[in-house]
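Everything on this sheet refers to the single structure shown next.
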Amino acid sequence: TFTYNCMMEVYVKAGKHKQAYELFKEGLQGAFVPNQFSWSVVIRGLCKGGSLEIAQALFKQMEKCGLVPDIILHTMLIDGLSKSGKLVEAFDQFKRVLEVHQPTTQLYTTLIDGLFRAGKPNDAYWLYKSMEGKGCTPDNMTYNILITGLCNADKLEHAQYLFNLMVSKGYSPNVFTYNAFLAALCKAGKLDDAYKYLEEMVTKDYPPSTVTHSLLISGFCKEGRVIEAQELFQKMVKRGCIPDLVTYSSLIEGFCQIEKIDEAYHLFDTMLSRGLVPNVETYNSMVCGLCKLGKLKEAFARLQDIIRKGHVPDVMAYNSIIKGLCKAGQLDTAYPLLEDMIERGCVPDVTTFNVLIDGLCTIKKADKALELLELMIEMKCLPNAMTYDTLISGLCKAREADKALQLLKEKDFIPDAST
RNA sequence: AACGUGCCGAUUCAU
């Protein structure tokens, strides 16, 4: 048994959960008698590896053998279940633990995180509210998960409340929590608040990271406050945070937005001279910025740069250019790009089609747009509400309301207010 | 004997 256990543990530590499981099965054919540890190791491996059906089966088998899985193993199974989207089963398991064990803070925290992942922030909050009644005090991790989750769900007020609460209880948010919170503030347009927190981090000696600075720089740029973004950029360098690709991309986007292409290019060069190797996203910022300014030729050149460097431009770069061309009414240039991207192995997405459909509608070729709808369905790209709204509006403008109505009837999509 | 919970920032879409 000990030999088997050791070997399985080695496999699990190396992330080879399948092998551990095979060994386990193989052993059972022979004289191997698994003990508590053996079961735990295999099940842990299977949970981490996402093989939850097997993990669940083994869990039951273990209980049948008269062994009692401890709270940790339960928690691992629950974590695995909720992470693979089996929230109902996770909760079933939760009910079962409660019959056998005293719940722990970690157990609650795991489930809270699972609820956030499943897009149920309200339930997560409710679970947090109920945990203390069961003798489980939320800890640092619980608060960090809650705040991050609430921020991602755009529940800024709740996040703010918990942020203050955790601080008042003597816990300290870590950089990640701060960052998630600041990102949410920026998204809500509360840039100045976010900036205050940044300063607070400095004075409280929770050093802000490159990410912290980048998110604010991006926030400033989006609001057109590029000067402030630049100032912050200089400050971060002084503080010893090294600007990375994202930081540069954000600023580049900012300069494009205020139509300072030269500055944008200059920044791009600086970035290169600092030894940073631009990735597809970096080019995208440039491409996108140029497109928004209507500098389609230049954007095209950057697209060629990407290709020349041996990268495949991603959907976003293509979408930007296609959109730019569509807005300029150059559908005959835009359309072939669809084929071009497919040839290069870049899969068009809903946006690509939406943009093209809109372009075709505005030059009064609603019939062509309808063909494109069929093509996208053929290519297994699922149309969304925006696709149909665009088409319906296009058809109506072309005095083909009957076709629009037909579309409403035939396709199964749920019309919303704008439809 | 091992073992469990979180991780943030940039680029595209109609009315």
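In what follows, chains are A, B, ... by sequence order, proteins preceding strands, each numbered from 1. Remember, it's a predicted structure, so these values are computed and weren't measured experimentally.
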For this session: Would you please indicate if the ring centroids of A/Y108 and A/F94 are separated by under 6.0 Å?
Result: yes
Problem set entry | Rounded distance in Å - CD1 (A/I147) to P (B/rC8) | 14 Å
For this session: Using whole Å, report how far CG of A/L185 lies from C1' of B/rG9.
Result: 14 Å
Exercise. When we call it a touch if two heavy atoms are under 4.0 Å apart, what does A/T104 touch: a base, just sugar-phosphate, or nothing?
Worked result: base
For this session: In whole angstrom, give the distance that lies between atom CG of A/D244 and atom P of B/rC8.
Result: 15 Å
For this session: Would you kindly give the CG-to-P distance between A/L198 and B/rC8, to the nearest whole Å?
Result: 19 Å
Exercise. So, for A/F24 and A/W39, is the gap between ring centers shorter than 6.0 Å?
Worked result: yes
Exercise. Can you tell me how far C1' of B/rC8 sits from OH of A/Y143, to the nearest Å?
Worked result: 21 Å
For this session: Select base, sugar-phosphate, or nothing to describe what A/L215 touches, counting heavy atoms under 4.0 Å on all strands.
Result: sugar-phosphate
For this session: Would you mind classifying the nucleic acid contact of A/R117 as base, sugar-phosphate or nothing, using non-hydrogen atoms under 4.0 angstrom?
Result: sugar-phosphate
For this session: Would you indicate what A/E9 reaches in the nucleic acid, counting non-hydrogen atoms under 4.0 angstrom: base, sugar-phosphate, or nothing?
Result: sugar-phosphate
For this session: For the side chain of A/F37, starting at C-beta, report the closest nucleotide among B/rC8, B/rA1, B/rG4.
Result: B/rA1
Exercise. Checking all strands, does A/N35 fall into the base, sugar-phosphate, or nothing category for heavy-atom contacts under 4.0 angstrom?
Worked result: base
For this session: Assess the side chains of A/Y11 and A/K18: does a donor N or O sit below 3.5 Å from an acceptor N or O?
Result: no
Exercise. What integer distance in Å separates A/L127:CG from B/rU5:P?
Worked result: 17 Å
Exercise. Are a donor atom and an acceptor atom from the side chains of A/N354 and A/T351 found within less than 3.5 Å of each other?
Worked result: no
For this session: Determine, for A/R225 against A/D192, whether the closest basic-nitrogen to carboxylate-oxygen distance falls under 4.0 angstrom.
Result: yes
Exercise. Any chance the rings of A/Y265 and A/F255 have centres within less than 6.0 Å?
Worked result: no
Exercise. Along nucleotides 10-15 of chain B, 5' to 3', which nucleotides get a B, which get an S, and which get a -, given that the test is a protein heavy-atom distance under 4.0 Å?
Worked result: BBBBBB
For this session: Report the nucleotide, chosen from B/rC8, B/rG9, B/rU5, that has the shortest atom-to-atom distance to any side-chain atom of A/K83.
Result: B/rU5
Problem set entry | Rounded interatomic separation in angstrom, taking CE from A/M131 and P from B/rU5 | 15 Å
Exercise. Salt bridge check: are A/E263 and A/K260 linked by an N-O gap of less than 4.0 Å?
Worked result: no
Exercise. Just how far, in rounded Å, is P of B/rG9 from CG of A/N152?
Worked result: 7 Å
